[in-house]
Structures are given as C-alpha cells and as structure tokens.
Amino acid sequence: MDPAPVDVVVIGAGQAGLSAAYHLRRRGFVPLDRADGAEQTFVVLDANARPGGAWQHRWASLRMATVNGIHELPGFAVPPADPAAASRDILPAYFAEYEERFALDVVRPVSVRSVRRADDDPAGRLLVETDRGTWATRFVINATGTWTRPFWPRYPGQERFRGRQLHVADYTSADEFRGERVVIVGAGVSGVQLLDEISHVADTFWVTRREPEWIEDDFDIPARVAAIAGVEDRVRRGLPPGSVISVTGMHWTPWARAAQARGVLVRHPMFSAIEEDGVRMPDGTFEPADAILWATGFRPALDHLAPLHLRTPEGGFRVANGRSLDEPRLFLIGYGPSQSTVGANRAGRDAVRAIVGEGKVLEAA
C-alpha cells in the first residue's frame with residue numbers, strides 16, 4: 001500500500017503526545033480520518049492497547065496524593081479523586097476521557113518500526129513505518145517517553161543470581177517481597193519511595209553508586225529553572241540528558257523522611273559483584289539477598305529514529321526548544337528538559353506553534 005499522506009504524525013499518546021494533539025486541534029488541524037481533503041491533518045499513534053500512557057503500568061501503591069499537581073493535561077483538569085486512589089486507576093480513565101472530549105482519534109495499538117526520509121529533499125516527507133501501515137508526513141512529533149526502556153546496569157555475576165531480579169518497571173507491590181531480604185539499587189525518587197514501602201514487610205539493603213547529598217532547601221522555582229537550563233545545554237550539545245538526580249539533586253521527600261524515621265534509610269556503597277545468593281561488597285563482605293530491585297532509571301525510547309542517523313557519538317540527540325537541530329522536521333518532546341509532565345505540556349504546545357509558523361512561512365513564499 002502507498003503511504004498515507006498526513007501533515008503531522010504524533011508518536012505516543014502519553015502526557016506529551018496528548019498535549020501536542022490538543023494544540024494541533026486548537027490550531028485547526030483535523031484527525032486524518034475526519035478530514036475532508038482541504039484541511040491540515042494529523043494522526044496520533046500509540047503502542048498501548050488502551051489510553052493512559054505510562055500511568056497504566058505504574059505500581060498499585062502509587063496514589064493520587066503522591067502525583068497530585070504534576071499530571072494535568074491542557075484544557076481539561078483531572079476530575080476530583082480520592083487522594084488514596086491508585087493513580088493507575090484514575091489517570092488512564094482521565095486520559096481516555098481527554099481523548100474523547102477533544103476527538104483526538106488515537107490509533108492503537110501501533111508499533112512504530114522506523115522513521116526515515118522519503119528522499120534527499122530536506123523539505124520532503126518523512127516516512128513513519130509501522131506494523132499497521134506507513135504514513136508520509138511533513139513533521140513528526142516524537143513523544144515516546146522512557147517507560148519502555150528501563151535501564152539495567154551490568155555487574156559481574158549478574159546472570160548467576162538464583163533469586164529474583166526486577167526493575168522498577170516490573171514492580172507490583174511490596175507484598176511480593178514479604179519476609180525476604182531485598183537489595184534496592186538506586187538513589188532516585190522511585191528507589192527511595194520503594195525502599196520505604198518494601199521495608200515495612202521485608203529486610204532491605206539500600207545501595208547507591210555515590211553517597212547521597214541531601215538538599216534541605218525546597219526545589220523552588222529558581223532551582224527548577226537552573227536544573228532545566230543545565231539539561232537544555234546538554235541536549236543542545238548532543239549529550240544524553242542525564243538522570244533526574246544528577247540534575248535536581250537529592251531532595252527530601254515524605255518517603256525519605258519516613259524511611260529515615262524508621263531507621264531504614266541507610267545507604268551502603270555499590271556492590272562489586274553479584275553471586276548466586278547475594279552480593280559481594282567492595283570490602284569483600286557478603287550480603288545475602290532473595291531479590292534485587294533495580295531502581296536505576298530509564299532511557300529515551302528512540303530506537304525507531306535510527307534510520308535518520310541523528311544520534312551523536314556521545315549517545316544523545318542535538319535538540320533545541322524541542323526540535324532536532326539536525327532534522328528540523330522532527331520534534332522530540334518529553335525528551336531532556338521537557339521530560340517532566342509540566343514540561344511535556346509546554347513542549348507539545350511549542351512544537352505545534354513552530355509547525356504552524358513553518359506553514360505560514362511556506363504560504364508566504
């Protein structure tokens with residue numbers, strides 16, 4: 001089949017993708033299946049079978065009280081919900097209502113296999129190839145996030161461990177570790193939160209690569225601006241965005257305070273090797289373990305962009321203001337400084353604004 005022509009393809013229907021789709025609608029773009037031939041069109045492709053982005057995959061104990069204030073989509077607030085309700089129950093329903101309210105017509109499930117140039121014309125089309133056909137588009141707004149690419153560090157002996165190893169992405173609840181000894185790896189927000197949670201039912205042993213440097217000050221607006229500026233500089237130069245902690249530092253959270261109060265917020269240096277029944281520490285001592293939980297973050301899910309040959313030798317993408325510096329037809333939102341939910345909302349708006357501006361320039365010419 002010939003590629004279906006469309007003006008904009010949005011890849012991903014999480015926070016960033018839905019924000020972009022909302023702003024496309026506001027600017028007069030129409031979902032491809034509703035267009036009459038004269039209108040500017042877009043299509044949103046999502047790999048999930050249901051609405052909800054990464055929220056539908058989060059663990060059950062992540063409550064609305066924990067995520068309140070950072071997940072609003074533009075134009076429609078989250079309906080009131082019990083603070084004790086699981087976010088994975090409330091927010092996917094909200095996303096589904098959002099898609100219907102603004103008639104975004106998300107196509108799912110769709111696995112995007114590649115994005116490539118149709119030809120050598122820098123003003124030509126990009127081909128978005130999927131398991132459900134190919135779209136030929138003027139612009140791609142990539143909003144694939146990180147949830148599908150959990151990062152697993154490699155350590156000697158990892159394959160010999162007889163217990164269970166899992167990543168935060170696989171975590172369900174603390175009950176699965178009841179009565180066990182669990183090594184928790186990582187100093188991020190998720191690692192500390194799950195340390196606090198699991199330590200109620202299991203013996204925990206927390207390890208990090210570096211000694212945490214706790215910041216007493218609030219993560220206020222000046223601190224956020226400085227952090228975002230640092231990430232913006234990195235991605236502009238083509239460097240990987242870096243971990244959240246490397247940018248924000250270790251701020252005290254309710255979980256960290258609770259774990260500290262119960263005496264379980266005890267950091268140990270990173271082990272040097274993994275053995276059949278535990279981990280070997282740098283000083284030669286052995287720590288037994290039934291399970292190892294890797295709270296080691298995620299990487300951007302961008303492998304489908306490989307045919308564009310945009311990855312730098314340092315492993316990143318050169319991006320400024322959410323737009324690829326090496327392929328102007330491509331926008332990367334939810335990447336780098338726009339990885340937060342608030343940042344993703346703004347990045348979606350800014351990407352659409354740039355696309356509309358480009359269209360006006362072409363019309364004037």
Side-chain angles (χ1 to χ4, degrees), residues 15 53-72 77-92 94 146-147 150 166-178 182-228 243-268 291 293-298 339-344:
Q15 191 89 20
W55 291 111
Q56 63 192 289
H57 306 299
R58 305 283 186 176
W59 53 92
S61 60
L62 190 61
R63 306 296 176 181
M64 289 300 291
T66 305
V67 300
N68 189 35
I70 64 168
H71 50 263
E72 303 283 0
V78 180
D82 182 351
S87 60
R88 72 177 187 181
D89 295 332
I90 301 299
L91 294 178
Y94 163 61
T146 62
W147 185 258
L166 70 159
H167 192 275
V168 166
D170 307 307
Y171 179 80
T172 303
S173 74
D175 286 337
E176 60 189 306
F177 303 108
R178 187 173 296 277
V182 184
V183 173
I184 298 175
V185 184
V189 173
S190 295
V192 176
Q193 180 182 1
L194 297 184
L195 167 68
D196 175 53
E197 185 171 308
I198 294 170
S199 63
H200 285 277
V201 300
D203 179 17
T204 54
F205 187 80
W206 182 39
V207 300
T208 68
R209 284 192 303 150
R210 288 184 290 271
E211 180 76 43
E213 296 181 7
W214 295 97
I215 300 173
E216 296 289 345
D217 297 336
D218 292 336
F219 193 44
D220 55 14
I221 291 177
R224 292 175 189 272
V225 170
I228 291 171
S243 68
V244 174
I245 290 300
S246 69
V247 174
T248 64
M250 292 280 289
H251 288 263
W252 286 101
T253 63
W255 316 292
R257 294 290 190 194
Q260 182 191 45
R262 292 187 296 106
V264 297
L265 191 70
V266 180
R267 179 263 179 185
H268 301 274
L293 174 61
W294 297 90
T296 46
F298 298 79
Q339 191 169 332
S340 70
T341 49
V342 173

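- The CD atom of Gln193 sits 10.0 Å away from the CD1 atom of Ile198 when rounded to the nearest 0.5 Å.
- Taking all atoms of both residues into account, the shortest heavy-atom contact from Glu211 to Thr208 is N-OG1, 4.4 Å.
- Under the side chain to side chain donor-acceptor pair (under 3.5 Å) criterion, Asp82 pairs with no residue at all, not counting sequence neighbours.
- Between Val168 and Leu293 the shortest heavy-atom distance is N-CD1, 4.0 Å.
- Atom NE2 of His200 sits about 11.0 Å away from atom CZ of Arg178, to the nearest 0.5 Å.
- In Arg257, the CZ atom is crowded: over 12 heavy atoms of neighbouring residues, nucleotides or ligands sit closer than 6.0 Å.
- Scanning both residues, Ser87 and Pro92, for their nearest heavy atoms gives O-CD, 3.4 Å.
- For the pair Arg262 and Ser199, the tightest heavy-atom approach, listed with the atom from each and the gap, is NH2-OG, 2.7 Å.
- The aromatic rings of Trp252 and Trp214 lie parallel to each other, their planes meeting at an angle below 30°, with 60° marking the opposite boundary.
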Just do the side chain to side chain contact (heavy atoms under 4.5 Å, CB included) check on Trp255 and Val189 with the steps written out, would you? CA-CA 9 Å; Trp255 316 292; Val189 173; 3.4 Å; yes
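- The aromatic rings of His167 and Phe298 sit perpendicular to each other, their planes meeting at more than 60°, with 30° as the lower class boundary.
- The salt bridge (charged side-chain N to carboxylate O under 4.0 Å, His left out) check on Asp170 picks up nothing, with sequence neighbours excluded.
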Please evaluate residues Ile90 and Trp55 with respect to the criterion side chain to side chain contact (heavy atoms under 4.5 Å, CB included), reporting the C-alpha separation (whole Å), side-chain torsions for both, the decisive distance (0.1 Å), and the verdict. CA-CA 9 Å; Ile90 301 299; Trp55 291 111; over 6 Å; no
Let's go through Leu62 and Arg88 carefully: what are the C-alpha distance in whole Å and the side-chain angles of both, what is the deciding distance for side chain to side chain contact (heavy atoms under 4.5 Å, CB included) to 0.1 Å, and is it a yes or a no? CA-CA 8 Å; Leu62 190 61; Arg88 72 177 187 181; over 6 Å; no
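- Thr204 is not listed as a side-chain neighbour of Phe177, based on a closest heavy-atom distance of 4.5 Å or more.
- When the options Val185, Ile184, Leu195, Val183 are evaluated for a side chain to side chain contact (heavy atoms under 4.5 Å, CB included) with Phe205, the one that passes is Val183.
- Taking both residues in full, the closest heavy atoms of Tyr94 and Ala77 are given as CE1-O, 3.6 Å, listed atom of the first, atom of the second, then distance.
- The heavy-atom pair separating Asp196 from Ala258 by the smallest distance is OD1-CB, 3.7 Å.
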